Amino acid sequence: MSQKPSTIRAVKGTRDLLPPETALWQRIERECRHVLSAYNFEEIRTPVLEQTALFARSVGAETDIVSKEMYTFEDRDHQLLTLRPEATASVVRAYIERGLSNEGRIQKLYYLGPMFRRERPQKGRYRQFYQIGAEVLGSDHPLIDAETLEMLMLLLERLGLKQSSLLLNSVGCSRCRPEYVKLLRRELEPVKSRMCADCQRRIETNPLRVLDCKVEADQPIIGRLPSILDHLCPECRQHFETVTSELKRRGIPYEITVRLVRGLDYYTRTTFEIIHGELGAQNALLGGGRYDGLSEILGGAPTPGFGFAIGEDRLALAVEAAHSLEAQTRPDAYIAWMGESALAPALELARSLRREGFRVEIGFEPVKLKKMLGQASRLRARFAIIMGEEELASGRLQVKDMEAGQQEQVAPELIGPYLWERLKA
RNA sequence: GUGAGCGUAGCUCAGCUUGGUAGAGCGCCAGACUGUGGAUCUGGACGUCGCGGGUUCGAAUCCCGUCGCUCACCCCA
């Protein structure tokens with residue numbers, strides 16, 4: 001009467017990353033770290049768990065992220081904790097808390113790891129998703145914006161993602177944006193009744209979002225709305241002009257997209273997004289911008305900042321679609337042994353090759369050579385090393401090139417150099 | 001939170017309209033080939049048809065419910 005226990009599944013919106021996909025992720029992360037370090041970014045690791053107030057204050061209590069997407073729970077000491085929905089707030093918190101401003105230089109920090117948002121999963125959108133991001137803290141110089149965008153374009157180039165487009169906008173600062181929002185409301189009020197239900201709501205809650213509406217019927221109205229770029233204060237306008245002219249100087253193509261309104265309250269001035277086809281509806285590969293007021297919101301000294309976050313899940317989707325990276329891992333050698341007397345020397349050979357850094361596999365069951373070679377073939381091993389009684393007697397092992405199908409006799413102590421010579425090609 | 005599509009072998013899927021013994025390809029195992037993989041041929045194993053209920057002599061198939069997955073809306077990375 002034993003009943004089969006029900007199986008436990010991964011939580012909705014979370015998933016296991018398995019080989020060979022993990023190999024692809026490792027390659028992506030390696031490229032990212034390489035490019036980030038070329039621009040002298042250093043890694044920071046912050047907790048996944050933070051006080052809820054951190055996000056409520058930085059991201060904005062009225063945003064979708066905070067109002068309905070956070071994983072929040074009360075700890076046993078009644079503290080409200082949240083699984084981070086993004087990491088910029090944590091980095092700025094650490095910057096303030098650990099006194100990094102006292103080091104008297106611009107801080108360039110990067111991070112990577114899981115974030116959590118309780119959204120309905122779909123292609124490229126998960127409840128546990130991964131971001132690779134970076135922040136530049138301590139300067140509002142527009143060259144930071146331009147140089148960081150330059151770095152991102154280099155990264156995408158190195159990952160073989162040619163057809164990505166950079167969308168660029170400025171959302172102004174705490175001085176000019178409220179003026180523009182007021183103007184927008186004034187313009188929208190008379191035509192409100194002709195707009196979609198969502199927009200009617202947005203006019204009240206967040207008029208900037210109206211610009212991002214995709215309803216066909218609303219487009220004529222949206223097209224006639226004033227552009228924020230025409231209503232920036234002189235400082236913001238100057239900043240934006242420097243960013244765009246620096247991008248031109250670097251030959252980086254971009255599209256000014258006035259409807260690019262980011263969903264986090266802390267953004268000021270430059271905002272951007274890089275989108276990619278092949279990603280489905282969630283086509284934003286990465287996004288970011290400037291947040292000159294965030295430090296103060298979190299109780300720190302005024303500290304301008306600029307940052308971005310790459311959706312690693314989406315990056316992996318795009319790289320996969322582009323077939324630009326080889327994800328397969330394959331053993332350098334498979335050791336096929338025959339007869340109990342060959343097992344000990346075979347294990348010894350495996351050990352020494354592995355100590356030399358080769359990726360080596362060996363089976364433990366005494367099965368037929370045919371089966372061992374079949375296993376080597378299935379693992380896509382580059383070479384099979386055959387050792388049976390004959391080889392042990394003669395002191396010459398058979399090294400078989402699994403692709404060419406040819407084999408040579410090699411003395412055991414020369415196998416390392418033999419493999420090294422052929423694998424580096 | 002809303003909507004749509006889909007759950008059948010390890011994988012990809014057919015079968016469902018018109019109810020009647022659960023299928024194919026790939027993969028896996030074995031042999032042909034006792035120390036040489038990939039190719040070919042032959043044979044083999046494998047399913048509570050997501051789950052629960054209903055209709056029926058009989059349900060993978062029709063109906064209801066439920067869970068899950070996927071995509072889209074929304075929003076964002």
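By convention in this document, chain letters (A, B, ...) are assigned in the order of the sequence lines, proteins followed by strands, and residues within each chain are numbered from 1. Just so we're clear, the structure is a prediction, and the values are computed from it rather than from any experiment.
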B/S/- contact track for nucleotides 6-11 of chain B, protein heavy atom under 4.0 Å: ------
Confirm from the modelled atom types if [X] and [N] form a donor-acceptor pair under 3.5 Å, side chain to base only.
X         : N      : result
Lys12(A)  : C69(B) : no
Arg209(A) : C74(B) : no
Gln407(A) : U36(B) : yes

Ala10(A) or Asp401(A), whichever maps to the more 5' nucleotide of RNA chain B: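 In this pair, the answer is Asp401(A).
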Residue whose nearest RNA chain B nucleotide is more 5′ - Gly13(A) or Gly287(A):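 Result of the comparison: Gly13(A).
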Given [options], the nucleotide with the shortest approach to the side chain of [X]:
X         : options                : value
Lys400(A) : C73(B), G68(B), G37(B) : G37(B)
Arg125(A) : U36(B), C69(B), A77(B) : A77(B)
Lys370(A) : G1(B), A77(B), C33(B)  : C33(B)
Arg120(A) : C76(B), G1(B), G37(B)  : G1(B)
Leu369(A) : A72(B), G1(B), U36(B)  : U36(B)
Phe129(A) : G35(B), A77(B), G1(B)  : A77(B)
Arg9(A)   : C76(B), G37(B), C69(B) : C69(B)

Reckon [X] touches a base, only the sugar-phosphate, or nothing at all at heavy-atom distances under 4.0 Å?
X         : result
Gly288(A) : nothing
Leu285(A) : sugar-phosphate
Gly405(A) : base
Tyr334(A) : nothing
Glu391(A) : base
Glu390(A) : base

Spacing of OG1 belonging to Thr271(A) relative to CG belonging to Asp145(A), to within rounding of 0.5 Å: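 Going from OG1 on Thr271(A) over to CG on Asp145(A), the span is 10.5 Å.
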Straight-line distance of Asp401(A) CG to Arg382(A) CZ, nearest 0.5 Å: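 Reported value, rounded in 0.5 Å steps: 8.0 Å.
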Can you check the [X] [atom1] to [N] [atom2] distance for me, whole Å?
X         : N      : atom1 : atom2 : value
Glu389(A) : G35(B) : CD    : C1'   : 10 Å
Arg15(A)  : A77(B) : CZ    : P     : 17 Å
Met402(A) : U36(B) : CE    : C1'   : 9 Å
Glu69(A)  : C73(B) : CD    : P     : 15 Å
Gln282(A) : A77(B) : CD    : P     : 11 Å
Met70(A)  : C75(B) : CE    : C1'   : 15 Å
Lys368(A) : C29(B) : NZ    : P     : 12 Å
Met115(A) : A77(B) : CE    : C1'   : 9 Å

Heavy atoms of other groups near Arg351(A) CZ, more than 12 under 6.0 Å: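 No, because the 6.0 Å sphere around CZ of Arg351(A) holds 12 heavy atoms or fewer from other groups.
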C71(B) OP1/OP2 closer than 4.0 Å to side-chain N/O of Gln122(A):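 So the side-chain polar atoms of Gln122(A) never come under 4.0 Å of the phosphate oxygens OP1 or OP2 of C71(B).
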OP1 or OP2 of C69(B) under 4.0 Å from side-chain N/O of Lys123(A):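 Negative; the distance criterion is not met.
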Could you work out the separation of [N] and [M] based on their [atom1] atoms and round it to a whole Å?
N      : M      : atom1 : result
U61(B) : U8(B)  : C1'   : 11 Å
U48(B) : G1(B)  : C1'   : 35 Å
C75(B) : G15(B) : P     : 39 Å
C13(B) : G27(B) : C1'   : 14 Å
U17(B) : C63(B) : C1'   : 15 Å
A60(B) : C16(B) : C1'   : 7 Å
A59(B) : U12(B) : C1'   : 26 Å
U56(B) : C64(B) : C1'   : 16 Å

Would you tabulate the side-chain donor-acceptor contacts of residues 415-425 of chain A under 3.5 Å, counting partners in other chains and residues two or more places apart, or write 'none'?
unit_1	atom_1	unit_2	atom_2	d
Tyr418(A)	OH	Glu408(A)	OE2	2.7
Tyr418(A)	OH	Arg422(A)	NE	3.4
Arg422(A)	NH1	Tyr418(A)	O	3.1

Tell me which nucleotide, if any, is Watson-Crick or G-U wobble paired with [N] when both distances must be under 3.5 Å.
N      : result
G1(B)  : C73(B)
U66(B) : G50(B)
C26(B) : G10(B)
G19(B) : none

Closest non-hydrogen atom pair, Ser227(A) against Val258(A):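 Between these two residues, the closest heavy atoms are OG-CG1, 3.3 Å.
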Residue pair Met387(A) / Ile335(A): nearest heavy atoms and the distance that separates them: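 So the two residues come closest at SD-CG2, 3.9 Å.
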Step-by-step ring pair (Phe, Tyr, Trp, His ring centres under 6.0 Å) determination, Phe306(A) to Phe272(A): CA-CA 11 Å; Phe306(A) 183 86; Phe272(A) 67 94; 5.8 Å; yes
Non-neighbouring partners of Leu369(A) that pass side-chain contact (heavy atoms from CB on, under 4.5 Å), sequence neighbours left out: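 Result, side-chain contact (heavy atoms from CB on, under 4.5 Å) vs Leu369(A): Ala336(A), Met338(A), Leu373(A), Ile386(A).
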Exercise: do Tyr110(A) and Arg33(A) side chains pair donor with acceptor under 3.5 Å: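 Distance-only check passes for Tyr110(A) and Arg33(A).
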Polar side chain donor-acceptor pair, Glu135(A) to Thr88(A), under 3.5 angstrom: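 The answer is yes; a qualifying pair exists.
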Residues within residues 375-383 of chain A bordering RNA chain B, heavy-atom distance below 4.0 Å: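 Those residues whose heavy atoms fall under 4.0 Å from RNA chain B, taken from residues 375-383 of chain A in numerical order, are Ser377(A), Arg378(A).
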Partners meeting side-chain hydrogen bond (donor to acceptor under 3.5 Å, both in side chains) with Tyr334(A) (sequence neighbours left out):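 Tyr334(A) satisfies side-chain hydrogen bond (donor to acceptor under 3.5 Å, both in side chains) with no other residue.
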Quiz item: cation-pi between Arg127(A) and Phe116(A), 6.0 Å / 45°: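 Verdict for Phe116(A): no cation-pi partner in Arg127(A).
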Between side-chain atoms of residues 179-197 of chain A and protein atoms elsewhere (two or more places apart, or another chain), which donor-acceptor pairs fall under 3.5 Å?
unit_1	atom_1	unit_2	atom_2	d
Tyr180(A)	OH	Pro226(A)	O	2.7
Arg185(A)	NE	Ile203(A)	O	3.0
Arg185(A)	NH2	Glu204(A)	O	2.8
Lys192(A)	NZ	Glu204(A)	OE2	2.8

